[in-house]
Amino acid sequence: MVGKLIVKLRKEKGWTQSDLAKATGLSKGYIAAIEEGRDPGVKALSIIAVALGVEIGALYKEEE
């Protein structure tokens, strides 16, 4: 699940959901929803990937 990987990468950076929200310009509530399983759109996922320093495809590779 993409959300679980986002949580893992976020925690590896030592970031809270608020930190990721600030880095992406997305709301903390939206970040929380994605981490809990909401399917993010491609645009949001791209923004999150950039903030976390990974390629967008990496968010799907570990899902398999």
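- Of the inter-residue distances, the one linking Met1 atom CE with Ile34 atom CD1 reads 10.5 Å to the nearest 0.5 angstrom.
- For Glu35, the side-chain hydrogen bond (donor to acceptor under 3.5 Å, both in side chains) partners at least two apart in sequence or on another chain are Arg10, Gln17.
- Closest of all the heavy-atom pairs between Ala51 and Ala23 is CB-CB, 4.1 Å.
- Put simply, Leu45 and Ile47 are part of two different groups of oily side chains (I, L, V, M, F, W, Y) that touch within less than 4.5 Å, one to the next.
- One distance of note links CD1 of Ile48 with CG of Leu59; it measures 8.0 Å at 0.5 Å rounding.
- Residues Gly41 and Tyr30 come closest through the heavy atom pair N-OH, 3.8 Å.
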Is there a side-chain contact (heavy atoms from CB on, under 4.5 Å) between Val2 and Asp39? Walk through the geometry before answering. CA-CA 8 Å; Val2 172; Asp39 187 30; 5.9 Å; no
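- Ile31 CD1 to Leu26 CG: the interatomic distance, rounded to the nearest 0.5 Å, is 4.5 Å.
- By the 6.0 Å contact criterion, NZ on Lys28 is open, its count of non-hydrogen atoms from other residues, nucleotides or ligands being 12 or less.
- If you run side-chain contact (heavy atoms from CB on, under 4.5 Å) between Leu52 and each of Lys13, Lys8, Glu12, only Lys13 comes through.
- Among residues two or more places apart in sequence or in another chain, the side-chain hydrogen bond (donor to acceptor under 3.5 Å, both in side chains) test is passed with Ser18 by none.
- By the side-chain hydrogen bond (donor to acceptor under 3.5 Å, both in side chains) test, Asp19 pairs with Thr16, sequence neighbours left out.
- Residues Ile56 and Val50 do not share a hydrophobic cluster, clusters being chains of Ile/Leu/Val/Met/Phe/Trp/Tyr side chains in contact below 4.5 Å.
- Between the CG atom in Leu20 and the CD1 atom in Ile6 there is a gap of 7.5 Å [rounded to 0.5 Å].
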